[in-house]
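Throughout, a chain's letter reflects where its sequence line sits, starting with A, and its residues are numbered from 1.
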Amino acid sequence: MPYDHKEIEPKWQKRWEESHAGEVREDPSKKGDALYHLVMFPYPSGEGLHVGHVESYTGLDIVTRMARMNGQHILFPMGFDAFGLPAENYAIKTGVHPAETTKRAIENFTRQMKSVGFSFDWSRALSTSDPEYYKWTQWIFLQFFKNGLAYKKKAPVNWCESCKTVLANEQVIDGACERCHHAVAQKDLEQWFFNITKYVEQLLGGLDDLDWPESLKTMQRNWIGKSEGAEINFAVCRPDTNIRVFTTRPDTLFGATYLILAPEHELVDAIVTDDFRAKVEAYKVQASKKSALERSEMQKEKTGVFTGAFALNPATEEKIPIWIADYVLSTYGTGAIMAVPAHDERDREFAEVYHLSIKDIVPEENEFGTKKTTYRLRDWLVSRQRYWGAPIPVVYDPEGKAHPVGEEHLPLLLPIDVDFRPEGESPLALSESYRQLAENLYGEGWRFEVDTMDTFVDSSWYFLRYCDPSNATMFAGHDKLDYWCPVDVYVGGVEHAVLHLLYARFFCYALHDLGHLNFTEPFLKLRNQGMILGPDGQKMSKSRGNVINPDDVVADFGADTLRMYEMFMGPFEDDKPWDTNGILGVRRFLDKVWRLAEQVKHQRPDVKKIERELHKTIKKVSEDTAAMKFNTAISQMMIFVNHATAKGIGLGELSTFIQLLAPYAPHLAEEIWKMLGQTGSVFESPWPMFDEALAQDEKIQMPVQVNGKVRTTLEVASDITEEEALLLAQADENVKKYLGLGEVKKVIFVKGRLLNLVV
RNA sequence: GCCGGGAUGGCGGAAUUGGCAGACGCGCAGGACUCAAACUCCUGUAUGGGCAACCAUGUGCGGGUUCGAUUCCCGCUCCCGGCACCA
């Protein structure tokens, strides 16, 4: 008989909720065992929970549940990354306020997550759009501002015309907006930045000791883009000035036959000669029109123009021409390069197009230039010209000078009287109440900053707030932070490699320096779940129509089946396609477990039938679960249940097995645990002890090879000696046949493994 | 171009880090139960040959080390991901 998940699952969910089972409190006597397990909190979209969320949360939920049964004291919270564009775009379309949309989405997500049976501490749930939360986002901004880590400057920034806002470098993918894929343009705007580059060396060096996937560390290293070389000064011949260039190959200076400046370089106007001014101006205009996307698409054809000016190569003392070209970027190095066409492919290509001289040289050390390290990483642009985010707590005096909003005025609430339609200026600029509030607090002519913060600011510290979510005087109390932090295990998608994960690290380094944290690295161990693809092997998307909705799966097969199937599909970190039949196999497995329980529930508890198999299973499930190798742990449980179905099982043995199953299929496990006459919750029982002696096989199958090929398999005692094995092997007919060829020259015996005879 | 990861049956995947390749699940084929269907259970299922025991071949391709290689070394091919006129 199949069990009725529709009856069992809601019953236990209700019971857990009423017993506050997931809640955890600081307890000095348990500090040594205190762990912090964290999953990346979701953006509460209207689409609801995705099977990818379920995968990530189930994985860590299983590890957490097992560790708790092992006596560990674990913080495992959940919350919502609730500010963001989709809710605002929805508001533009329908007029429903983002706060309302978000509230509904959070309720739906919460219902869905509870229906899957995650053991989160719901008493600590938070939402970044809650004023009690963003009060502290703003407070942190103020600390950064007061300590020079947040500043405003005019700079060329990424502008998405479709989203009507600026974007951080990290949010530009292949020259397009990461959200809407619209081409990103460059604009000169005055914007707020966080000085993440101040921590570039620490962010790079800190990676070494982290237990993170190597690929992800590499992505962060690439993004930081450290490059060591030299800066060399070139004297310009006519206007009396110098051009500094950055190069990683100062040893090729003798081969530098021209200089190139980025079109935006500040010295271009000063050095260009009258004869070339018109051409240079035209080129600059043309270059500024190109988006980053177009620039990279035009990689093949290099273009540039001569400025009419010359510089002196300090090594050769030759006059070399100065050009401008858009293959040199104003944002990297000094925005100027020395071109060595003999040693650099790009320079050679350019030289060939414009018939510039190419000078073959042997690289050699020289005394010119000074050592210099450059980085690709830029400061983090945090202002957004959008509504649904935390207001930047800055106020401008009538002269336009920026001042921090007084901490006593926090939270600086998002006004409600706004027009959502983004016109390139923040909707907050249109709020009459916001304008009045500034004047009431600061006087006539004072204005609040009208931009809001990038939502990645909100998510850069949420894991700190979980430690002390209702603290009204601080973002989290020192004692609470010391008790739980840093995060021991963090699970989430790889898409945040250079976004959230880099920003959150920066926050912790900065807050540490400001005296608010006793640690620097927030996430000691990190694992990425793979992507669950649609049954067609493609990424799930509405337009493809291949989306699997967790609600449907819970309704049809039950939450335990959903959890277990997602863990059984393949290695946790791998991408894997959904298989509609595969989930049936997992449900069949759980039904088999149910049938076993029905069979043995009236048995005496001390009957032992398959002790050896049970202890092998305890070992395998314990080790594999801890290592997040869920698929092989489940495979072993299936082997065990097949065995038990065939050979019979004792009630005590089944109870032990149910403990192993519990982290994976918590509802069914609770039900069977009770059915077998056990008292209390299965999660209050201690994790089964593994006994090596009981798992030991007496007899093993030992393959016998002749010249490395298996010729027979002997059933022998597991501790058989080489001599005994050799005698048995030589008596075997098939082995004799192959030994007949000659004398045994060599015997290889691997104890408990195999015997190989070489002739 | 640079960096990281990968390639194993019809499919998802497993293999104690050098020791019986294909565990477990799906699918498929045959059988039992049933008036019948569903559920469940049993048997088989890498490929070729053979009634069979067994034999040969086989982990992307080509070499190598070893008694023994999916695993280690050298040289390729293809796929996925990241970065990229980054000087």
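At least one cation-pi condition fails for A:Arg587 and A:Phe557: the charged atom is not both under 6.0 angstrom from the six-membered ring centre and inside a 45 degree cone around its axis.
For the pair A:Arg711 and B:C55, the criterion of a side-chain N or O lying under 4.0 Å from OP1 or OP2 is met. The shortest distance between the side-chain N/O atoms of A:Lys226 and the OP1/OP2 oxygens of B:C3 is not below 4.0 Å. Taking 4.0 angstrom as the limit, A:Arg588 places none of its side-chain polar atoms (N or O) nearer than this to OP1 or OP2 of B:G25. Proximity of A:Tyr738 to the phosphate of B:C55: a side-chain N or O atom is located under 4.0 Å from OP1 or OP2. Between A:Thr218 and B:C83 there is no side-chain N or O to OP1 or OP2 distance below 4.0 Å.
The partner of B:A38 is absent, by the rule that a Watson-Crick or G-U pair needs both atom distances under 3.5 Å. In this structure B:G81 sits in a base pair with B:C3, meeting the Watson-Crick or G-U test at under 3.5 Å.
Out of B:C24, B:A84, B:G82, the shortest distance to the side chain of A:Asn642 is found at B:C24. Taking only side-chain atoms of A:Lys592, from C-beta outward, the nucleotide of B:C55, B:C41, B:C24 with the closest atom is B:C41. Considering only the side chain of A:Lys709, B:U57 comes nearest among B:U57, B:C26, B:C24. The side chain of A:Arg595 lies closest to B:C41, out of B:A84, B:C41, B:A87. Checking B:A87, B:C26, B:C20 against every side-chain atom of A:Ile337, the shortest atom distance belongs to B:A87. The listed nucleotides are B:A87, B:A84, B:G4; the one nearest the side chain of A:Trp223 is B:A84.
One can find a donor-acceptor pair under 3.5 Å joining the base of B:C85 and the side-chain atoms of A:Lys302.
Every residue was checked against the salt bridge (Lys or Arg N to Asp or Glu O under 4.0 Å) condition with A:Glu573, not counting sequence neighbours, and none meets it.
Within the structure, the salt bridge (charged side-chain N to carboxylate O under 4.0 Å, His left out) test picks out the following pairs touching residues 526-535 of chain A (sequence neighbours left out): A:Asp211-A:Arg527.
Defined by atom type and a distance below 3.5 Å, a donor-acceptor pair is missing between the side-chain atoms of A:His343 and A:Arg348.
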- Item | Nucleic acid footprint by protein, nucleotides 13-19 of chain B - heavy-atom cut-off 4.0 Å, B for base, S for sugar-phosphate alone | SS-B--B
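Note on A:Gln701: a base of the nucleic acid sits closer than 4.0 angstrom, heavy atoms only. Among the atoms of the strands shown, only primed sugar atoms or phosphate atoms (P, OP1, OP2) are found under 4.0 Å from some heavy atom of A:Ser215.
Rounded to the nearest Å, the gap between the C1' atom of B:U17 and that of B:G12 is 24 Å.
Judged by distance alone, the side chain of A:Lys217 and the main-chain N or O of A:Leu210 form a donor-acceptor pair under 3.5 Å.
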